[in-house]
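See below for the structure under consideration.
Letters A, B, ... are given to chains in the order of the sequence lines, protein chains preceding strands, and every chain is numbered from 1.
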Amino acid sequence: MFREVSARVNVIQLEEDILRFWKEQRIFEKSIEIRKGGPLYVFYEGPPGANGSPGVHHVLARLYKDVVCRYWTMKGYHVPRKAGWDTHGLPVELDVENSLALTSKAQIEEYGVARFNDHCRSTAFKYIKEWEAMTERLGYWLDMEHPYVTLDNSYIESCWWIVKQLWDKGLVYQGYKVTPHCPRCGTSLSSHEVALGYEDTEDPSVYVKFRLDASSLERRAECESSLLPSSLLSKPIFLLAWTTTPWTLPGNSALAVASHAEYSVLEGDQDYLILATKLVDKIGSEGYTETAIVQGEALVGLEYEPLFNPHSFGVQRLDLPTLCAEETIDSLTYPVIGADFVSLDEGTGVVHIAPAFGEVDFDIGMSSGLDFVQPVDLEGRVIGTYRFAGEFVKDADPHVLEDLKSRGLVYRSERITHTYPFCWRCETPLLYYAKPAWYIRTTAVKEKLISGNSEIDWHPDYIKHGRFGDWLENNVDWAFSRERYWGTPLNIWRCSSCDNCECVDSVQGLSLQLNVSGLTMPLDLHRPYVDEITFACRECGGKMQRVPEVIDCWFDSGAMPLAQWHYPFENEDRFKQNFPADFICEAVDQTRGWFYSLHAISTLLFSRPCFRNVICLGHVVDARGEKMSKSKGNVIAPWAVLSKHGADALRWYMLVSTAGEDTHRFSTKMLEETTRKFLLTLWNTYSFFTLYANIDFGNEVDKMGQCLLNPHLSEGDRTELDQWIISELNRLVGEVSKSMDSYNPTVATRRIEGFVDILSNWYVRRNRRRFWKGENDADKLAAYSTLYQCLVTLSRLLSPFVPFMAEELYQNLTRSVNPGARESVHLTDFPVADEAKIDDRLNSDVGLAMRISSLGRAARAKVGIKVRQPLGKAVVMVEAEAEKRALERLAAEVIEEINVKQFVVLRAEEKRGEFPSNMPDYSLANDARYWVAISTELTPELIAEGVSRELVRHLQNMRRNARFDITDQIVTYYQTEGPLLRQVMDAFGGYIKQETLSHELIDSLPPDGAYVEKHRVLNAEVSLAIRRTNPR
RNA sequence: GGGCCAUUAGCUCAGUUGGUUAGAGCACGGUUCUGAUAAGACCGGGGUCUGUGGUUCGAGUCCACAAUGGCCCA
């Protein structure tokens, strides 16, 4: 006997019981062990940081990872799932800074790096219990007992080894990186921090004149005379550039123009001005007249005189990209270059370039070999011997302007309001500042990065050539050092005497150095302990000290394919077996994060991509489409949802409602709706089945198993609808497999939802009678075995998506009758479609019967005749002969659905004269293809039959109201004044008795204790009473 | 400022290679069916498929531009 299934399900209790079962029986571990002989399917867990509480937006990626891994496991693959935790980086440091009320690097160092990092170490796991609990309750199967942790010495050592490999290949170098820098805090800010601090502010808006060098014009005139009119040589010519940061002008070393734009040459009394034609009107040109128009191209290659020759003010001029000091030149000139970023919407179309003060400027400085001039120190003060030297840059602005005005180099000067980033901690304006940083030369393998990407299957596919492909096309070297404390220390030691640098690949590598000191046990490879390790320089014998930086935490996570195994120091074969990954999955913001760091490290080391398939998920936002954030207070804690609605409801809702890559709107209301629509419908179908199966098979477990597992059915015992639902089932299995093979759980779950709908609302509804009829014949057995097969197949099909519900179905429907079955549904194989059972024609035929039934009901509704009331005839008009034949075969179904006695199908060309399109006794309904006409004529016989059905309905409701059991036998009493009703009782007594399980219909007063209701039928009062006759 | 994605009913979403009258669910109003169902069926109101051009015999679908929103990067 099946365990009784209540129509009202307590999902929370059910899921908790199942969690306990999985844990006690170690089902997850078994699901991996039993697949050990199978092909390996490699999954990499992108490590979350556990320094914050998990939100419902963290559930999505965990869910998708789980679904895919469970699916491939059931397909026979061996899918180990090692957990991982990301423990380093700025988020942890900021958390600790806040809790210790530290606001600058100076304060951290004063507090002590050792104590600071101790706090970081514990903060990194602040919410790990919550993460683990959420993971388990969600049903995300992951080996959390053996996670990789980025702060472990072994993990760090693997990172060191990787850096050393790159170092040996000449791919690590020290260069300059332009970063947003807070001059007060003395530190760079991450882009995330910068985003916190944008504010409107008022700044100077200055149009500055740069004098073109006459000799470069002459040279140009000689070889390409036509480009600039030679008459211009009579007066000085100025290029007009715009800036809001005059203090950057001493760092200027180029002007950029748009090659394809037109530039106007304006003539004034004293001079000529050149600026973009499009912007002349906007800026104003009083006192000047246009004398010529030239292409930007013609300006490229000209040279101009700097506003401030750095050599005159004691400032160095460095060459890019080598950063070597250039010789002192008194008659210095800088070039005009072409650049595609020059805006023609604001400014002058001539852009002032200062490589020391802007990322774009620096990049173009590197690629064009410009000069690098840095006239400002890290505290934001102007250096050198300028008139404004020693001032803070913002304070220097007016003095720079005065200086230029006195030399007649300012065309116009005003003030504007615009947004500018400020330090979110101290509100000091940020300076974009080129600072030394360590780089990995990823550009050296750019082509490999791109060709490797072509081997990766992206889901959705447009990321491949879009967001990720573009990112690779625009690859720049990876600045992977951070001037911070809590991270993998950069394993480069530098000689304090001769600047010789050495990269050390391991702890052993350190111990083998000369005169090592500071390598003390217990070993902690973090700062500040690692900073104390020194050794002798092999070049000069000087003292080798570690450089102060730590490594970008994205490097940590990108190193996980190796570092999770402590490769190459241990586990060589495990690493090799588990590389590359078959599957990874994270949200879309990881394209430039983890997806890139994995791909880059793998390409740099092994010249091959790191993963074959990647799902790139959209973000989870609230019900109104707004991003979840602590400040808005709209973050939904997963725990609240899990403990109220259960994991399956949350899982199904997230999978089915929105395609993975789209933005997921999270609404509890929609979650509840999805639950009602799908999980409860499925549950009730399951409950229906067990209810009747228990009635029919009682305690005969053997017989039940026999009947359901190996039904003795001969050809023809299965009805057309049985064959249809089996055909739909197999089609479903095929579609779900196909969707999952292409990493699309949303399509898979939507298909399943569609199947459960037709299973419940067409198959079961149309076949109910076969389950509750008296005799146990082959027809009944066919119905049972068909529905059983659907439910049992569904349990396996559903198990990657809703593992709890699937387990419940499996345990009760399969395990109970088949003790030899596997212990859990998650140890079974994924169903395989039986193609031979798929009958596309039958599927569409039944679909047609459904459609015609709908139209029939619509035709009845038009004239207000209840479906309960039988009618004489329905005439249907279809277009194709095949449709006609299909409907004739399925006529019995349609006849019952629309309750008519006679059913005629015509093809369009047969309709003449026969189709009752305008007859008053018919009601019509149609859609684009089909017409249905229903006879509305009511004969006394039809009316009487309708009344009998109404009486049955009343009696059934009474049985329910009286809380009788489905199988209870009764006696029915009735009293009525209407002779018609008495006739109905006589004529349809047999039918009424059969439907209501009545032994007798007695025309008399009911005995005491009978359940009584009065109803009006056919305008007559009828008193009905029922009494149970079987003992309880 | 650049890139990617989205925009279809009040809300959440489908809509295959361009082809009859653009579909579901929720919500609302009405009717109905039912001894599995918190469900189902039928009718109704509710759509200039974001806008403007273009390609085509024909565009929700293809192309261009624009607007709005989201994300990533400046």
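Separating the P atom of B/rU21 from that of B/rC4 is a span of 36 Å, rounded to the nearest Å. When the P atom is used for both B/rU61 and B/rU20, the distance is 14 Å, rounded to whole Å. Comparing B/rA24 with B/rG40, their C1' atoms are spaced 15 Å from each other, to the whole Å. Distance check on atom C1': B/rU8 versus B/rA59 gives 14 Å, rounded to whole Å. Only the C1' atoms considered, B/rU31 is 23 Å distant from B/rG35, to the nearest whole Å. Spacing of C1' atoms, B/rG25 relative to B/rU68, comes out at 26 Å, to the nearest Å. Rounded to the nearest Å, the gap between the P atom of B/rG44 and that of B/rG2 is 49 Å.
Contact annotation: A/Y686 does not reach the phosphate of B/rA36 (side-chain N/O to OP1 or OP2, under 4.0 Å).
Looking at residues two or more places apart in sequence or on another chain, you find a side-chain contact (heavy atoms from CB on, under 4.5 Å) between A/S853 and A/W762, A/R857, A/V894, A/E897, A/I898. Partners of A/D361 under the side-chain hydrogen bond (donor to acceptor under 3.5 Å, both in side chains) rule, at least two apart in sequence or in another chain, do not exist in this structure. Considering only residues two or more places apart in sequence or on other chains, A/W594 meets the ring-ring contact (aromatic ring centres under 6.0 Å, His included) condition with none of them. Under the ring-ring contact (aromatic ring centres under 6.0 Å, His included) criterion, A/Y64 pairs with no residue, sequence neighbours left out. Residues satisfying the side-chain contact (heavy atoms from CB on, under 4.5 Å) criterion with A/D757, sequence neighbours excluded, are A/N761. Judged as a side-chain contact (heavy atoms from CB on, under 4.5 Å), and not counting sequence neighbours, A/Q994 has no contacts. Remark: A/H352 pairs with A/T248, A/N252 by the side-chain hydrogen bond (donor to acceptor under 3.5 Å, both in side chains) rule, at least two apart or across chains. By the side-chain hydrogen bond (donor to acceptor under 3.5 Å, both in side chains) test, A/N475 pairs with A/T442, A/Y596, sequence neighbours left out. Qualifying side-chain hydrogen bond (donor to acceptor under 3.5 Å, both in side chains) partners for A/W554, counting only residues two or more places apart in sequence or in other chains: none.
Atom CZ of A/R766 and atom C1' of B/rC33 are 12 Å apart (whole Å). Atom OH in A/Y784 sits about 12 Å away from atom P in B/rA36, given to the nearest Å. Atom CG of A/N957 is separated from atom P of B/rA36 by 11 Å (rounded to the nearest Å). The nearest whole Å value for the distance from the CD1 atom in A/I970 to the P atom in B/rG35 is 12 Å.
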Query - Base versus backbone protein contacts along nucleotides 3-10 of chain B [heavy-atom cut-off under 4.0 Å; B, S, -] - result: BBS-----

**Report entry** Protein proximity profile, nucleotides 37-45 of chain B - base contact B, sugar-phosphate-only contact S, no contact -, cut-off 4.0 Å on heavy atoms
**Finding:** BB-SSSS--

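For the pair A/S687 and A/S657, both in contact range of RNA chain B, the more 5′-proximal nearest nucleotide belongs to A/S657.
In the set B/rA14, B/rG35, B/rG25, the nucleotide with an atom closest to the side chain of A/F964 is B/rG35. Here the nucleotide nearest the side chain of A/Q956, chosen from B/rA36, B/rG35, B/rC71, is B/rG35.
Aromatic ring pairs are classed by plane angle as parallel below 30°, tilted from 30° to 60° and perpendicular above 60°; the pair A/F666 and A/Y653 is perpendicular.
Where pairing requires Watson-Crick or G-U contacts shorter than 3.5 Å, the helical stems of RNA chain B with at least three consecutive pairs are B:1-7 with B:67-73, B:10-13 with B:23-26, B:28-32 with B:40-44, B:50-54 with B:62-66.
Remark: aromatic rings of A/F595 and A/F468 are distant, center separation not under 6.0 Å.
A donor-acceptor contact closer than 3.5 angstrom is absent between the side chains of A/H645 and A/T675.
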